[in-house]
Q: 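The structure that follows is given in the form of structure tokens.
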Amino acid sequence: MAREQDKESDKQALLKEMECHKKQMLSNQTVWRKANLSCKLAIDNAEKDELLDGGDTTRQRKVTKENLAQSASGITESLMSISRMMSQQVQQSEVTMHTLGTSSRTIQEANEEFKSMSGTIQLGRKLITKYNRRELTDKLLIFLALALFLATVLYILKKRLFPF
């Protein structure tokens with residue numbers, strides 16, 4: 001998804017989120033491996049102790065089976081816990097991605113509206129400039145018409161008052 005993003009900041013945010021999840025996954029794997037190894041070591045130590053202690057073999061087998069069952073259930077619990085944590089991380093990532101997608105769409109819509117408003121503002125500017133030019137032309141024509149009118153009035157007055 002980071003490669004598909006237009007904005008560099010969105011791309012960086014997605015890459016950072018991916019790195020965070022990758023680190024969490026590696027951490028979970030490490031914890032799982034350590035738990036598995038510690039359980040294996042505990043089982044091995046228990047078997048060694050059993051071999052070294054000797055004693056009643058049927059009783060020791062029963063105790064060993066109980067210990068194995070307990071350690072297996074402990075391992076199962078640990079694995080289930082890790083699985084739940086990973087599931088929660090995946091769900092959180094999905095929510096984050098959905099939120100990021102929604103905010104990206106909102107930003108794109110706002111950008112498109114801004115572009116549309118920019119065109120409208122430029123058109124308004126052109127119209128105002130055009131009307132200012134027309135106003136200047138109209139004032140010049142009115143001035144010329146007034147001058148022609150006054151010249152006509154003066155001509156008529158001159159002919160009537162001074163008929164020579």
Side-chain angles (χ1 to χ4, degrees), residues 1-44 69-164:
M1 287 182 72
R3 292 182 192 127
E4 295 174 1
Q5 296 300 315
D6 293 335
K7 286 182 130 185
E8 189 64 28
S9 60
D10 293 342
K11 192 180 291 188
Q12 293 299 325
L14 284 173
L15 288 173
K16 190 180 284 184
E17 186 72 25
M18 182 193 70
E19 283 297 321
C20 180
H21 291 298
K22 186 176 180 180
K23 287 178 184 176
Q24 183 68 32
M25 181 188 72
L26 291 174
S27 172
N28 288 342
Q29 285 178 343
T30 305
V31 168
W32 181 76
R33 286 179 183 151
K34 286 181 181 178
N36 199 6
L37 285 175
S38 66
C39 288
K40 283 182 180 181
L41 286 173
I43 290 171
D44 288 345
Q70 287 177 350
S71 64
S73 68
I75 291 171
T76 303
E77 288 291 324
S78 297
L79 291 174
M80 292 297 286
S81 172
I82 291 170
S83 175
R84 281 191 298 270
M85 286 176 19
M86 290 174 75
S87 174
Q88 288 172 350
Q89 287 295 323
V90 168
Q91 288 174 352
Q92 185 179 6
S93 297
E94 288 175 356
V95 169
T96 303
M97 294 301 286
H98 178 23
T99 304
L100 184 60
T102 304
S103 64
S104 293
R105 280 192 298 276
T106 304
I107 289 172
Q108 287 174 349
E109 289 171 1
N111 189 21
E112 291 299 320
E113 188 172 330
F114 175 72
K115 287 179 182 176
S116 139
M117 286 298 190
S118 174
T120 304
I121 290 170
Q122 288 177 354
L123 179 63
R125 184 179 305 146
K126 285 180 184 178
L127 286 174
I128 289 172
T129 304
K130 181 180 176 181
Y131 286 134
N132 283 339
R133 282 188 306 223
R134 282 200 178 167
E135 182 183 5
L136 181 64
T137 306
D138 288 347
K139 284 181 180 180
L140 184 62
L141 287 175
I142 289 172
F143 176 73
L144 290 174
L146 184 62
L148 180 65
F149 175 74
L150 289 175
T152 306
V153 168
L154 286 174
Y155 176 74
I156 292 173
L157 283 176
K158 179 182 166 195
K159 287 293 183 182
R160 289 204 177 173
L161 292 177
F162 308 108
F164 33 76

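The residues of the chain are indexed from 1 along the displayed sequence.
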Q: Output, in order, the C-alpha distance, side-chain angles, deciding distance and verdict of side chain to side chain contact (heavy atoms under 4.5 Å, CB included) for I156 and T152.
A: CA-CA 6 Å; I156 292 173; T152 306; 4.1 Å; yes
Q: Taking only residues at least two apart or on different chains, which pairs with a member in residues 127-154 satisfy salt bridge (charged side-chain N to carboxylate O under 4.0 Å, His left out)?
A: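 Listed by first then second residue: E135-K139.
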Q: Measure the OG1-CD1 distance between T137 and I142 for me, rounded to the nearest 0.5 Å.
A: 11.0 Å
Q: Judged by atom type as modelled, is there a donor-acceptor pair below 3.5 Å linking the side chain of S87 to the main-chain atoms of S83?
A: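 No.
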Q: Enumerate the residue pairs fulfilling salt bridge (charged side-chain N to carboxylate O under 4.0 Å, His left out) with a member in residues 102-126, sequence neighbours excluded, ordered by first and then second residue.
A: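 Checked against salt bridge (charged side-chain N to carboxylate O under 4.0 Å, His left out) - neighbours excluded - no pair reaches residues 102-126.
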Q: Sequence neighbours left out, what passes side chain to side chain donor-acceptor pair (under 3.5 Å) with S93? Give chain and number order.
A: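 Only H21 meet the side chain to side chain donor-acceptor pair (under 3.5 Å) criterion with S93.
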Q: Answer yes or no: is there a donor N or O on one side and an acceptor on the other, between the side chain of S118 and the main chain of F114, under 3.5 Å?
A: no
Q: With sequence neighbours excluded, tell me which residues meet side chain to side chain donor-acceptor pair (under 3.5 Å) with N36.
A: none
Q: A side-chain contact here means heavy atoms from C-beta on lying under 4.5 Å apart; do V95 and Q91 qualify?
A: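 No, too far: nothing below the 4.5 Å cut-off.
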Q: Which residues pass the side chain to side chain donor-acceptor pair (under 3.5 Å) test with E8, sequence neighbours left out?
A: Q12
Q: Just jot down the side chain to side chain donor-acceptor pair (under 3.5 Å) partners of Q92, sequence neighbours excluded, or say none.
A: none
Q: Quick one: does T102's side chain have a donor or acceptor within less than 3.5 Å of a partner on H98's backbone?
A: yes
Q: Rounded at 0.5 Å granularity, tell me how far CE in M85 sits from CE in M80.
A: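 The CE atom of M80 is 13.5 Å from CE of M85, to the nearest 0.5 Å.
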